[in-house]
Amino acid sequence: MIELETRELEYVVALADELHFGRAAARLSIAQPALSKAIRRIESRLGVQLFIRSSRHVGLTPAGEALREHGRHALNAVSAAVRNARRAGDAQARLRLVLKPGGDAGLLSAILAEYAHQPAARQVDILFSGPADRTDFLRDGRADVGLLYAPFDDLDGLAHETLHAEDRVVIVPSGHRLAGHASVRMSDLEGETLPCWKGVPGSEGTGPEVADVVQMLHMIKVDRMIAVLPRSLVEPVPAGLVCVPVTDAPPSRLVLAWNEEDRRPLVASFVTAALGAVTP
């Protein structure tokens, strides 16, 4: 059985990210010759070439691409295991909730109030993140639970419960051709400029890159783009903008998510409270 130590995976991932021995060595706080020697040793043990080297270039082979991807997941899993082990043994551990600013559909206050009545309730730390990395917070253990939006966020490997479902609207400037419509269909948006979300792989927008809803709304107001979003993310509607329902857009669901392997009472009690807060 071929085994790699965690530190060796860190060497491979760092060099695969940087594609430069000097920068990777500085990131790892080791000498460049030591990193070069370690990579040769890893390749020899695996029996495959991971990197293509020349005097001016470092590239990845298909084997290197595969090890970078799976190695990153393995390192995240180890980090999450260590964090969860420490937190499981800490009777005073706080619960960490990640969401994007305004991404609670107005439910957070009720959820926190319901959770406060749980016998084993803990202090809740609220963490805000951008559009692309909330799921990473849950997978690597930086957060215990998160408020995500389906189908936009990747729920692979996460357990989740739907808290709220809502329609989607297109946000346009008040002078836009669609602003006076009672409703539209997705086909009505053909040819329009949509946002490109920073850090989100596969984002199909052709417009300027945006990092959050606030930035996006500003770009819509100056007529640089339009966007289709869950209604709750844009209510109340800012001055100068109009929201029009999109009748054939799939509903958006606000979900409470957590790592599917996390069965701690700390998480289970919060899930119970959240479901209790939204049940009529």
Side-chain angles (χ1 to χ4, degrees), residues 1-53 58-90 93 95-98 127 129-146 148 150 152-160 198-203 255-264 266-268:
M1 178 178 178
I2 299 174
E3 296 181 350
L4 290 180
E5 297 179 358
T6 302
R7 187 61 172 166
E8 291 176 315
L9 279 178
E10 291 175 344
Y11 291 165
V12 172
V13 171
L15 183 56
D17 286 346
E18 302 293 343
L19 295 179
H20 187 281
F21 275 92
R23 290 195 298 269
R27 169 173 156 179
L28 294 163
S29 299
I30 64 173
Q32 182 174 331
L35 176 60
S36 298
K37 183 177 179 180
I39 294 296
R40 288 196 300 271
R41 184 171 61 248
I42 292 167
E43 289 178 323
S44 176
R45 191 185 313 164
L46 296 179
V48 294
Q49 185 178 3
L50 302 175
F51 298 94
I52 302 169
R53 295 93 147 169
V58 176
L60 277 171
T61 67
E65 287 275 9
L67 188 55
R68 175 178 65 172
E69 182 67 20
H70 292 287
R72 195 187 311 279
H73 289 315
L75 291 173
N76 287 340
V78 170
S79 297
V82 171
R83 288 191 185 99
N84 288 337
R86 287 173 174 165
R87 287 174 58 76
D90 182 3
L95 183 134
R96 297 160 301 176
L97 168 68
V98 65
L127 312 175
S129 76
D133 59 354
R134 289 185 303 283
T135 55
D136 291 339
F137 275 62
L138 298 175
R139 292 190 177 100
D140 65 21
R142 283 176 289 168
D144 305 301
V145 292
L148 309 179
F152 311 104
D153 291 310
D154 178 13
L155 299 176
D156 184 42
L158 301 177
H160 59 277
K198 183 177 182 179
V200 178
S203 179
V255 303
L256 180 68
W258 63 98
N259 192 307
E260 63 184 10
E261 298 180 357
D262 192 343
R263 297 175 176 84
R264 291 173 297 155
L266 174 77
V267 171

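Both backbone and side-chain heavy atoms feed into the values below; hydrogens, waters and symmetry mates do not. Nothing here was measured: the structure is a model prediction, and the numbers come from that model.
With hydrogens and angles disregarded, a donor-acceptor distance shorter than 3.5 Å links the side chain of D262 to the backbone of R264.
For E260, there are no side-chain hydrogen bond (donor to acceptor under 3.5 Å, both in side chains) partners at least two apart in sequence or on another chain. By the side-chain hydrogen bond (donor to acceptor under 3.5 Å, both in side chains) test, H20 is found to be paired with no residue, residues two or more places apart in sequence or in another chain being considered. When the salt bridge (Lys or Arg N to Asp or Glu O under 4.0 Å) test is applied to R40, no partner is found at least two apart in sequence or on another chain. Residues forming a salt bridge (Lys or Arg N to Asp or Glu O under 4.0 Å) with D154 (at least two apart in sequence, or on another chain): R139. For L19, the side-chain contact (heavy atoms from CB on, under 4.5 Å) test picks out V58, L60, with sequence neighbours left out. For Q32, there are no side-chain hydrogen bond (donor to acceptor under 3.5 Å, both in side chains) partners two or more places apart in sequence or in a different chain. Applying the salt bridge (Lys or Arg N to Asp or Glu O under 4.0 Å) criterion to E18, with sequence neighbours excluded, gives R23, R27. Legend: residues meeting side-chain hydrogen bond (donor to acceptor under 3.5 Å, both in side chains) with E261, ordered by chain and number and at least two apart, are absent. Taking A268 as the reference, nothing meets the side-chain contact (heavy atoms from CB on, under 4.5 Å) condition, with sequence neighbours excluded.
G71 and V13 make their closest contact through C-CG2, 4.1 Å (heavy atoms, listed as atom of the first residue, atom of the second, distance). Taking every heavy atom of both residues into account, L4 and R45 meet most closely at CD2-NH1, 3.7 Å. When all heavy atoms are compared, the tightest approach of V48 to A63 is CG2-CB, 4.1 Å.
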Intermediate values then yes/no, salt bridge (Lys or Arg N to Asp or Glu O under 4.0 Å), D136 and R142: CA-CA 8 Å; D136 291 339; R142 283 176 289 168; 5.0 Å; no
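How far CZ of F137 is from CG of D144: 12.0 Å, rounded to the nearest 0.5 Å. Expressed to the nearest 0.5 Å, how far OG of S129 lies from CG of L138 amounts to 9.0 Å. Interatomic distance, CG of L148 versus CG of L256, reported as 8.0 Å (0.5 Å rounding). If you take CG on L35 and CD1 on I30, they are separated by 4.5 Å, rounding to the nearest 0.5 Å. Atom CZ of R7 is separated from atom CG of L75 by 10.5 Å, given to the nearest 0.5 angstrom. Distance CD/E43 to CG/L50: 4.5 Å, rounded to 0.5 Å.
In this structure the side chain of I42 never reaches within 4.5 angstrom of the side chain of E5, judged on heavy atoms. Put simply, the side chain of V98 does not reach to within 4.5 Å of the side chain of V145, judged on heavy atoms. Side-chain contact check for E8 versus I39: every heavy-atom pair is 4.5 Å or farther apart. L15 places none of its side-chain heavy atoms less than 4.5 Å from the side chain of R68.
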